[in-house]
Each structure stands twice: as C-alpha cells, then as structure tokens.
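Predicted, not measured: the structure shown is a model, and the values here were computed from it. Note: hydrogens, waters and symmetry copies are ignored here, and every other heavy atom, side chains too, is used.
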Amino acid sequence: MLKERNLSQCESARMTGLRLNTISHFCSGNVDRVYLSTLERACKVDIQELIEVE
C-alpha cells in the first residue's frame, strides 16, 4: 500500500504517529497480532467502522 501511495515507511510513521519499527514490522509480512488501537492509527479510521466490537 505504501508503494501505491508513493510513501516511505518513515513518512508513514510520521503521518500516523506510529514508531518506525511498528511500520517496518507491518511491511515485513510477519505480523501475527496487532492491537486494535495500533490498527486504528495505521488506518486513520475509527476501528468500529471496520469491525463489529462486542
């Protein structure tokens, strides 16, 4: 997705407020779990718009 938007990992980290290590981990393809709050910041949307929270 970063390539499609012509963004670097560093720029993505700055825009979302996430650590560069977190962005790098997402890009590695080896993600086995993600905190919802981290996903929400990465997506820049309200997480409840994406999933149903019970």
Side-chain angles (χ1 to χ4, degrees):
M1 183 185 273
L2 293 179
K3 286 181 184 180
E4 290 174 11
R5 295 177 183 223
N6 224 11
L7 293 173
S8 68
Q9 289 183 18
C10 204
E11 190 172 7
S12 179
R14 182 186 56 76
M15 290 172 63
T16 61
L18 296 172
R19 296 181 319 142
L20 180 56
N21 288 346
T22 301
I23 299 295
S24 179
H25 184 69
F26 285 160
C27 292
S28 75
N30 295 322
V31 178
D32 58 352
R33 63 187 141 177
V34 177
Y35 290 108
L36 292 179
S37 60
T38 302
L39 183 60
E40 184 175 26
R41 287 178 82 177
C43 294
K44 290 246 174 183
V45 296
D46 182 0
I47 196 67
Q48 292 182 355
E49 292 178 22
L50 299 176
I51 62 171
E52 184 176 329
V53 180
E54 294 181 8

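Leu20 and Leu7 are members of different hydrophobic clusters when ILVMFWY side chains are connected at heavy-atom separations under 4.5 Å. In terms of hydrophobic clustering, with Ile, Leu, Val, Met, Phe, Trp and Tyr side chains grouped at heavy-atom distances under 4.5 Å, Phe26 and Met15 are assigned to a common cluster.
Looking only at distances, no side-chain donor or acceptor of Ser24 sits under 3.5 Å from a matching main-chain atom of Asn21.
Residues Arg19 and Ala13 come closest through the heavy atom pair C-CB, 4.2 Å. Annotation for Leu2 and Cys27: closest pair CD1-SG, 3.7 Å, computed over non-hydrogen atoms.
Rounding to the nearest 0.5 angstrom, the gap separating the CG atom in Leu18 from the OG atom in Ser37 is 9.0 Å. One distance of note links CD of Gln9 with OG1 of Thr22; it measures 11.0 Å at 0.5 Å rounding. Summarising the geometry, atom CD belonging to Glu11 is positioned 11.5 Å from atom CD1 belonging to Ile23; distances are rounded to the nearest 0.5 Å.
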